[in-house]
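As structure tokens, the structure follows; a few thoughts come after it.
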Amino acid sequence: MTDFHPLIFVGGSAMLPCIEVLGKVKCPVVVVVPTTDDGGSSGEIVRTIGGPAVGDLRSAVSRLGMAAGAPESLRAFLACRLPVDSQEASAEWKNILENQSHNIYNDLPVPFKMIVQRYLQYFDDRIPTNFNFSNGSLGNFFLTGARLHFGNLDSGLFLLSRLWHLPDTTSVIPSSLTADDDKISLGVVLDTGERIVGQNNISHPTTGNVVNKEAEGYLGGWVERVFFEENGNEVEPLPHPDVLAAISSTECNIIVYGRGSFLTSILPSLVFCDVIAALCEARKPKVFVLNGSHDRETTVRPDMVLSLSDLLRLFLKLLNTPLADYLLLVTHVFLPEDSRIAVGEDFSYTFPRIQLVSIPATVHGEGLRYNDKVLVEELQRVAKGSEKKRERAEKNG
């Protein structure tokens with residue numbers, strides 16, 4: 001469908017099945033991903049050598065590439081993880097580097113094998129001796145090695161995208177510009193005055209390199225502000241210019257805030273003043289995709305969970321946009337059938353012009369899993385309807 005050109009803000013794994021469907025649709029798509037993940041091997045890389053967290057970027061490229069004809073052997077290699085035990089992981093990493101006949105290379109075409117070995121070695125040359133390889137992602141190590149070699153993340157992503165055979169009309173963009181030695185963390189301030197710094201501490205506090213994303217808990221207060229921090233000081237990183245260009249592009253005809261952790265997956269890409277201004281100026285549908293269930297980030301206290309109305313109010317507040325101007329940022333909300341998240345009694349008179357679109361879903365654990373094929377079809381429908389409306393307006397002068 002050539003008249004469907006979505007821009008999607010994602011983070012984490014929740015929206016990846018939808019990203020994969022978009023790859024199969026073969027439409028032009030731009031995916032924006034935050035770089036503040038501080039868990040797993042991404043967090044270990046940032047902790048030890050600095051720079052942007054690459055795990056979610058690598059995952060987005062991989063999902064798009066699964067429909068683009070990339071060799072299965074490459075997908076398997078980049079998805080491979082080292083053992084959880086740190087000593088076993090370190091030994092396996094050394095074996096992979098030193099043994100060029102390691103079975104992990106068996107099915108890789110020779111050119112790919114030479115490329116991945118080169119950048120894994122470059123990565124190893126730059127990390128400290130105390131690096132923790134536990135559960136480490138070879139894909140993250142490869143992309144970081146490419147970033148370090150080229151001197152910027154964009155070139156590393158370009159290389160990874162070419163290996164995955166992504167079309168020129170498809171791109172994955174980091175939400176912000178991050179220098180090689182930056183160690184930037186995400187933080188929130190609660191109405192209690194508490195400051196929580198670190199994506200994991202906000203979303204699913206754990207210890208070690210293995211993250212339990214099902215960790216129970218609640219924030220303990222309403223979020224008053226989102227910020228970025230480095231070495232104990234608040235900083236203001238710059239948004240990636242390609243994000244601003246994608247928002248204002250005349251080709252892009254729908255903007256999607258993908259489902260995922262509200263505070264740590266979606267908002268980190270949006271809280272920049274220039275991004276907010278560009279979004280408000282862009283006259284195109286803006287779709288908020290609601291999660292299938294509550295998590296720690298939408299639970300204020302055990303007896304207080306946020307409704308859709310609450311979430312939209314918070315969304316506007318954190319993006320410094322008056323409630324009365326809600327249509328500048330959200331025109332549609334997609335929610336799963338039998339959503340575990342209440343719409344809210346005041347939704348119809350607080351947000352009367354937002355269109356609710358129910359998407360088929362199936363029970364998955366404690367939540368719901370969207371039918372992503374239908375979700376993408378509905379996004380296409382909304383984009384096409386907006387295009388026709390714009391054409392009629394132009395025709396009528």
Side-chain angles (χ1 to χ4, degrees), residues 5-43 45-46 51-70 74-81 137-144 146-147 152-178 186 199 203 213 239-240 242-243 246-247 252 254-261 264-270 275 287 289 370 372 375-376 379:
H5 191 152
L7 165 62
I8 305 186
F9 291 90
V10 303
S13 60
M15 199 68 173
L16 290 182
C18 180
I19 296 298
E20 185 176 347
V21 173
L22 286 169
K24 295 176 181 177
V25 171
K26 299 187 184 303
C27 63
V29 59
V30 176
V31 179
V32 179
V33 181
T35 58
T36 50
D37 183 10
D38 60 358
S41 58
S42 285
I45 291 168
V46 175
V54 300
D56 291 339
L57 290 159
R58 186 259 311 161
S59 295
V61 172
S62 299
R63 282 302 183 108
L64 287 167
M66 290 174 70
L74 179 65
R75 185 205 67 78
F77 178 87
L78 294 177
C80 182
R81 288 188 175 272
S137 161
L138 294 188
N140 290 353
F141 299 163
F142 168 80
L143 181 53
T144 301
R147 170 180 72 81
N152 66 82
L153 178 58
D154 290 353
S155 296
L157 282 170
F158 178 83
L159 172 63
L160 186 63
S161 298
R162 295 290 75 79
L163 291 175
W164 273 112
H165 297 180
L166 296 193
D168 292 339
T169 55
T170 296
S171 58
V172 176
I173 307 171
S175 60
S176 60
L177 297 174
T178 307
L186 180 71
Q199 178 171 312
S203 186
K213 294 190 177 183
H240 198 293
D242 287 353
V243 176
I247 294 171
C252 168
I254 187 168
I255 295 172
V256 183
Y257 312 120
R259 65 182 183 268
S261 299
T264 57
S265 293
I266 310 304
L267 282 175
S269 297
L270 303 175
V275 170
V287 180
V289 183
Y370 279 91
D372 285 289
L375 191 154
V376 170
L379 290 175

| query | What pair of heavy atoms forms the shortest contact from Leu143 to Leu157, and how long is it? | reply | CD1-N, 3.9 Å
| request: Working to the nearest 0.5 Å, report the span between CG of Leu16 and CG of Leu22. | output: 11.5 Å
| Approximate separation, where rounding is to 0.5 Å, of Ser171 OG and Leu64 CG | 9.0 Å
| field | Closest non-hydrogen atom pair, Ser261 against Ser203 | value | OG-OG, 3.7 Å
| remark: Residues Ser42 and Asn140: closest non-hydrogen pair is OG-ND2, 3.4 Å
| request: Examine distances only and state if a side-chain atom of Arg259 and a backbone atom of Ala14 form a donor-acceptor pair shorter than 3.5 Å. | output: yes
| field | By side chain to side chain contact (heavy atoms under 4.5 Å, CB included) - contacts of Leu138 (at least two apart) | value | Phe77, Cys80, Leu82, Trp93, Ile96, Ile104, Phe141
| field | Nearest heavy atoms of Ile19 and Ala60, plus distance in Å | value | CG2-O, 4.1 Å
| field | Atom pair OG (Ser62) and CG (Leu160), whose distance is rounded to the nearest 0.5 Å | value | 6.0 Å
| request: Just jot down the side-chain hydrogen bond (donor to acceptor under 3.5 Å, both in side chains) partners of Thr264, sequence neighbours excluded, or say none. | output: Glu297
| said: Please give me the minimum heavy-atom distance between Pro174 and His240, naming the atom from each residue. | reply: O-CB, 3.1 Å
| field | Nearest-0.5 Å distance, CZ of residue Phe9 to CD1 of residue Ile173 | value | 8.5 Å
| field | 4.5 Å side-chain heavy-atom contact, Cys27 and Pro6 | value | yes
| Listed by chain and number, what are the ring pair (Phe, Tyr, Trp, His ring centres under 6.0 Å) partners of Phe142, not counting sequence neighbours? | Tyr119
| note | Heavy-atom nearest pair, Ser265 first then Gly260, reads CB-C, 4.2 Å
| message | One thing to verify: whether Asp372 and Lys24 come together as a salt bridge, which I'm taking to mean a side-chain N less than 4.0 angstrom from a carboxylate O. | response | no
| task | Go through the structure and list residues passing salt bridge (Lys or Arg N to Asp or Glu O under 4.0 Å) with Arg58, not counting sequence neighbours. | result | none
| Between CD1 on residue Ile247 and SG on residue Cys252, distance to nearest 0.5 Å | 8.5 Å
| note | Sorted by chain and residue number, the ring pair (Phe, Tyr, Trp, His ring centres under 6.0 Å) partners of Tyr257 (sequence neighbours excluded) come out as Phe315
| With side chains defined as the heavy atoms from C-beta onward, is the minimum distance between Val21 and Leu375 less than 4.5 Å? | no
Atom pairs and distances, side-chain donor-acceptor, residues 28-40, under 3.5 Å, sequence neighbours left out:
from: Asp37; atom 1: OD1; to: Gly39; atom 2: N; distance (Å): 3.0
from: Asp38; atom 1: OD1; to: Gln199; atom 2: N; distance (Å): 3.4
from: Asp38; atom 1: OD1; to: Asn200; atom 2: N; distance (Å): 2.9
from: Asp38; atom 1: OD2; to: Gln199; atom 2: N; distance (Å): 3.1

| From Arg75 atom CZ to Leu163 atom CG, the distance as rounded to the nearest 0.5 Å | 15.0 Å
